[in-house]
Amino acid sequence: MNRAARAIIDSSALTANLLAARKCSGGARVMAVIKANAYGHGIVATAAALRDADAFGVARMEEAAAIRDARIEGRIVLLEGVFHSEQVPTAAAMGVELVVHSPEQIEILEQCGRDHRFRVWLKIDTGMNRLGFPPESAQEVARRLLGCPSVLGPLHLMTHLAKADEMADQMTGRQIECFDAAIDGIGGERSIANSAGLLGWPASHRDWVRPGIMLYGISPFADSSGSDLGLRPAMTLSSELIAVHSVAAGSTVGYGGAWTAPADTRVGVAAIGYGDGYTRHLGNGTPVLVNGRPASVVGRISMDLVTIDLQDSPDARVGDEVVLWGRGLPVERLAIAAGTIPYELVCGVTQRVAMTVV
Ligand SMILES: *Cc1c(COP(=O)(O)O)cnc(C)c1O
């Protein structure tokens, strides 16, 4: 190990969060969503820790291939289906299940005749206006799909919620009603809920829930953190101090001289920066933990380095641990400071950060 910046992935937290999702879902089956390299946590290690899920949800063929290459069996749902007909043979060979959200994808299935067989998840657009068939076409699309020799019946039926993290909003209720009306009479298992639906909207649970963010111990709601919901953070991003020095009162630190020392100050330099995914949208005042004690960032975040005010850690020295988020410091808090959502922070951890699975 020659890199200081690392992400520790706690596989027992992943497993515990899956159990929490199951407990909350009232007996629904759980599709563990592990797209985007399992939200930055490493798809293979995450899939292994979440082996007990009833299926995995991924966005890309490469993600399905990574799971199969690691010899992890189990159902895989391609959440956006295939993008091109050339992907069909590989998808079939991997035994993945396809979301079908567009007329083009129906044509692809019609063209493959009896060569391949797929379980299909028919996606209805109930208001997100992103992917899916209009509700009024659901019955006709279902008939057309069931007429394809390549489609194994019965269909699975799904939709996606746009505002389930906003508990006071009417939209989720309207989306659920719209979904029910659209698919009335079509046989097959139903799925509506993402993490926010699972945690906040029991009426959305149905046959399958599709949690993503909560499995990583992160809250989908802006006003809570995972631990408030009984979840455990799965990723801790950390590095170490590679220099400690004093800065005289009135001197500035870092690019642009964005921070001026109000008094003589000990400043630590940790080996992590935006090149690791510790975004430059954080900055002055961002909380960090130095040897488990609260401290804060001073000045701008550089590509490889971040500078930290050590006034509350007088004993800190080179080699000491700095936690940027995770254990003891919810990534939800950092997301607010960065003006983004925790999803983007964990997904943004870059390749050069060493991943350690414990
Ligand atoms: C990403 C995704 C999810 C998971 O959403 P979270 O908010 O992370 O729980 C569920 N369903 C679909 C279709 C998705 O794309």
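These numbers come from a predicted model, not from an experiment. Computation of the quantities below employed the complete heavy-atom set of this structure, encompassing side-chain atoms and omitting hydrogens, waters and symmetry-equivalent molecules. All ligand and atom numbering here is 1-based and tracks the order in the structure. We number each residue from 1, following the sequence as shown.
The list of salt bridge (charged side-chain N to carboxylate O under 4.0 Å, His left out) pairs with a residue in residues 138-156, not counting sequence neighbours, reads E110-R144. Sorted by first and then second residue, the pairs that involve residues 114-126 and meet salt bridge (charged side-chain N to carboxylate O under 4.0 Å, His left out), not counting sequence neighbours, are E97-R119.
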Mind listing the N or O contacts between ligand 1 and protein, cut-off under 3.5 Å?
residue  : atom   : partner : partner atom : Å
ligand 1 : 7 (O)  : Y343    : OH           : 2.7
ligand 1 : 8 (O)  : Y39     : OH           : 2.6
ligand 1 : 8 (O)  : I213    : N            : 2.8
ligand 1 : 9 (O)  : S195    : N            : 2.8
ligand 1 : 9 (O)  : S195    : OG           : 2.6
ligand 1 : 9 (O)  : G212    : N            : 2.9
ligand 1 : 11 (N) : R210    : NE           : 2.9
ligand 1 : 11 (N) : R210    : NH2          : 3.4
ligand 1 : 15 (O) : K35     : NZ           : 2.6

Mind listing the side-chain donor-acceptor pairs of residues 305-316 below 3.5 Å, one per line with the distance, residues two or more places apart or on another chain?
residue : atom : partner : partner atom : Å
T307    : OG1  : V298    : O            : 2.6
D309    : OD1  : Q311    : N            : 2.9

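Nearest heavy-atom pair, G217 versus N17, reported as atom, atom and distance to 0.1 Å: N-ND2, 3.2 Å.
Looking at S225 and R333, their side chains never bring a donor and an acceptor atom within 3.5 Å of each other.
Ring planes of W325 and Y278: tilted class, angle from 30 to 60°.
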